[in-house]
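Worksheet: one structure, shown below.
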Amino acid sequence: MIVSVKNLVKRYDDLLAIDHLNLTVHDGEVFGLLGPNGSGKTTAINCILALLEYDKGEIEIFGRPMKPEAYDIKRHIGVVMQNVAVYNELTVEENINYFCGLYVADKKLRQELVREAIEFVGLQEFTKYYPKKLSGGLLRRLNIACGIAHKPKLIILDEPTVAVDPQSRNKILEGILELNQQGATIIYTTHYMEEVEQICSRIMIIDKGRSIAVGTKDELKAMITLGEKITVESQRITAAQLSALRRLPNIVSAEYKNRLLVIKSSKGSNNLETVLEFIKQEKIQFGKIYSELPTLNDVFLEITGKQLRD
């Protein structure tokens with residue numbers, strides 16, 4: 001086990017920011033911490049890194065208690081925080097060299113590690129640039145390079161793709177998977193459900209400082225009753241047809257708005273076939289039909305009663 005958090009509690013005066021949180025991260029995982037803004041993700045990370053004092057709980061990393069002075073543990077951790085933390089008076093290469101130098105004293109080895117980090121994040125053309133001349137996406141890549149250049153065993157990334165362009169986002173996500181393939185264990189926090197579905201082997205959904213659910217994406221989706229969502233483009237659906245739809249087997253809800261008929265079904269087979277047969281019988285004119293399986297947002301919505309991005 002790489003990270004173990006037991007019964008973690010963190011308060012800010014009357015605000016309970018972390019509410020008896022339990023969390024385990026195993027060797028070789030890409031562990032996703034998914035929740036809306038303000039759910040406690042960053043606070044939990046800061047407690048795990050011993051950057052924040054907490055009121056109650058036990059935290060171990062690499063099987064040893066994590067304390068502020070545990071520098072022998074910290075040298076094997078790479079951290080990329082949500083707010084970009086680089087020095088504006090240093091170039092791209094100088095920034096990476098500086099942060100790598102906090103862990104690696106040997107200049108020859110450090111030079112090689114810096115070169116590898118620059119290539120890894122695709123900043124070869126920008127080594128002499130200062131941070132203020134970089135786009136938001138390139139700045140995020142620099143931030144990642146500074147956090148991973150020393151080849152840490154555990155890498156913690158807190159919302160690394162916020163406000164970046166799609167190309168940089170894809171580059172970052174691909175890089176995270178590559179780091180994992182190279183042997184690093186990853187903790188990845190985000191409020192973008194599509195990202196954790198894409199890269200995480202196991203996911204914890206967190207809200208109001210509490211663990212709502214934890215498992216693989218398939219295990220999380222198996223926790224809810226929703227099966228598939230069927231969307232039909234149609235110029236007209238009558239109230240009688242809508243009522244009849246709602247009475248069909250396995251149909252949880254049917255709503256018609258802005259020429260879109262949205263049908264949610266419970267788990268079961270042939271739900272799409274049932275809807276198509278109904279449309280045929282009722283001679284409903286339609287355009288496109290979409291069928292979607294549940295998302296992690298559906299999991300969050302069913303468990304908490306609100307959207308993941310609320």
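What you see below is based on every heavy atom in this structure, not just the backbone, and it leaves out hydrogens, waters and symmetry mates. Quantities reported herein were computed from a predicted structural model and do not represent experimental measurements.
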Requested in this report: Count the heavy atoms belonging to other residues, nucleotides or ligands that lie under 6.0 Å from CD of Glu273, then report whether that count exceeds 12.
Outcome: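 For Glu273, atom CD is not crowded (no more than 12 foreign heavy atoms under 6.0 Å).
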Query raised in the report: Do other residues, nucleotides or ligands put more than 12 heavy atoms under 6.0 Å from Asn7 CG?
Result: yes
Salt bridge check, [Y] against [X]: does any charged N sit closer than 4.0 Å to a carboxylate O?
X      : Y      : answer
Glu195 : Arg169 : yes
Glu233 : Arg259 : no
Glu60  : Arg64  : no
Glu178 : Lys171 : no

State, yes or no, whether a side-chain contact exists between [X] and [Y] at a heavy-atom distance under 4.5 Å.
X      : Y      : value
Ile205 : Val299 : yes
Ile263 : Lys229 : no
Gln111 : Glu93  : no
Leu34  : Lys41  : no
Ile279 : Val232 : yes
Val3   : Thr24  : no
Ile45  : Ile187 : yes
Lys56  : Tyr54  : no

Using a distance-only test with no angle check, is there a side-chain donor-acceptor pair under 3.5 angstrom linking [X] and [Y]?
X      : Y      : value
Thr43  : Asn46  : no
Ser234 : Gln285 : no
Ser265 : Asn250 : no
Asp158 : Thr189 : yes
Glu277 : Thr274 : no

Just how far is it from atom [atom1] of [X] to atom [atom2] of [Y], taken to the nearest 0.5 Å?
X      : Y      : atom1 : atom2 : value
Tyr290 : Leu260 : OH    : CG    : 8.0 Å
Thr295 : Ile224 : OG1   : CD1   : 7.5 Å
Met1   : Glu29  : CE    : CD    : 9.5 Å

Query - Whether Tyr103 and His150 hold their rings parallel, tilted or perpendicular, with breakpoints at 30° and 60° - result: parallel
**Report entry** Between Tyr98 and Tyr87, ring centroids under 6.0 Å
**Finding:** yes
Requested in this report: Say whether, by atom type as modelled, one donor and one acceptor occur between the side chain of Asp55 and the main chain of Arg11 under 3.5 angstrom.
Outcome: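 Yes.
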Requested in this report: Could you point out which residue of Thr231, Leu272, Val275 forms a side chain to side chain contact (heavy atoms under 4.5 Å, CB included) with Ile289?
Outcome: Leu272
**Report entry** Identified side chain to side chain donor-acceptor pair (under 3.5 Å) counterpart of Thr225 within the set Lys264, Glu302, Lys267
**Finding:**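 Single pass found, and it is Glu302.
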